[in-house]
Amino acid sequence: MLKRTVFLLCCLLFLPCLAQAHKIHVFAWVSGNTVTVESSFSGNRPLINGTVTIQDNKSKAILLEGTGDKKGIFTFAIPALAREGKMDLLVVVSGSEGHQSQWLIPADEYLSTQPPVNVPAQAPATVDNDELKEMIRQILSQELAPIKRSLAAAENRKPGFRDIIGGIGYLLGLAGLVAWLKNRRPTDLSKK
Amino acid sequence: MHISEGVLSAPVLAGGAVLTAVGTAIGLKKLDYDRIMTVSLLSATFFVASLIHVPLGPGSVHLLLGGLLGLILGWGAFPAIVVALALQTLFFQYGGIIVLGVNGCVIAGPAVLCGTLLKPFLSGTKKQQLLTGFLAGFCAMFLSALLMAAALFLSDHGFMKVAGLVLISHLPVMLIEGLITMFVVSFLIRVQPEIFSLN
């Protein structure tokens, strides 16, 4: 009888394995003067209409707010205020049911790219070193954006089979530990 | 069902932590240590059931099987659920250490309540047993959703809107949870009635 119960409970454990995490994942990347924020549940299901709040990481003052679109994407131009204050931007995304996640954009990440306003109106015939560096930086940041994104995605992987089995192992191990400790007690008492 | 870190206000977090500590203490005190393996297997069942997320509407939902744990373990469901939640927090960053108290209350409270209240009806006729199983699953999920909405409300998030959303999005899950609990309970009563420790 006990065997059958254990078997049933084990079957229950492995019911369906269409794991879809209940946690919001946020990645934000800078290209030029705009920041793209992508939010999703793991398994790449976009978070629709999530509320995106951009804060100064130090003072937690809200710089701007918005709503993600159907693909979970929200783009914004870096506020001049943030640039002046060299603020680290904290991107906070919240869903409706108490789920919330955040992503930090350090000031260095966007300060290295100049806002487009600073580009001189007349293109000089010769490109000096600084401008060349700036151009390369911009192109690089554009080209690297998808790589940054997939790196972030790889970091946020959903719980796999190994994690689940590991968790079950922990729980059974804990039970074993408790059972062992409980069984030791009576013998200890009888010695005293 | 896992509320994230940074959403709730401090009084709600503290309240949840206290309630969960008390519930876990009572659960551990009442735990029959001969049944420790049942507790851990059910804890594992909860651990896995609440990892499996089904996309639904704008969000995604998952089973809890709180009613089942409550029926079988009574107060023991409290530590079983809290331990599984703690592991989920450590492994997958679902919820968080600080909100563990609130999440524990939201899920384990209704599980214990429904389990303890409905358990006497398991000794009844076959029909009563089926209904009890269904109600345990359904009501535990319903109350959990309500508690979650209350926790969000107390932290200033517009109760009616959140409550409506949480309840509507969980309605299908309540039904599924009710049905699964019903089948598991009726199967267990057939093959292993001792697990419910009925007289």
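Sequence lines set the chain letters: A, B, ... in the order given, protein chains first and strands last, and positions in each chain run from 1. Values reported hereafter were calculated over all heavy atoms of this structure, with side chains retained and with hydrogens, waters and symmetry mates removed.
Residues B:Phe47 and A:Ile168 come closest through the heavy atom pair CE2-N, 4.3 Å.
Note that the OH atom of B:Tyr33 and the CG atom of A:Asn183 stand 12.0 Å from one another [nearest 0.5 Å].
No path of Ile, Leu, Val, Met, Phe, Trp and Tyr side chains, each step under 4.5 Å between heavy atoms, connects A:Val37 with A:Ile62, placing them in separate hydrophobic clusters. A:Val92 and A:Leu47 fall into different hydrophobic clusters, where Ile, Leu, Val, Met, Phe, Trp and Tyr are joined by side-chain heavy atoms under 4.5 Å apart, directly or via other members. Hydrophobic clustering keeps B:Phe78 apart from B:Val83 (ILVMFWY residues linked when any side-chain heavy atoms are closer than 4.5 Å, directly or through intermediates).
The 12-atom threshold is not exceeded at CD1 of B:Ile98, counting heavy atoms of other residues, nucleotides or ligands nearer than 6.0 Å.
The shortest distance between side-chain heavy atoms of B:Phe91 and A:Tyr170 falls below 4.5 Å. With a 4.5 Å cut-off on side-chain heavy atoms, A:Gln100 and B:Ile3 do not count as touching.
The residue from B:Leu87, B:Thr45, B:Val39, B:Val48 that alone fulfils the side chain to side chain contact (heavy atoms under 4.5 Å, CB included) condition with A:Leu171 is B:Leu87.
The parts of A:Leu172 that come within reach of chain B are both its backbone and its side chain, each placing non-hydrogen atoms under 4.5 angstrom from that chain.
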Identify every side-chain donor-acceptor pair in residues 67-76 of chain A under 3.5 Å, counting partners at least two apart or on other chains, and give the distances.
unit_1, atom_1, unit_2, atom_2, d
A:Asp69, OD1, A:Lys71, N, 2.9
A:Asp69, OD1, A:Gly72, N, 3.1
A:Asp69, OD1, A:Ile73, N, 2.8

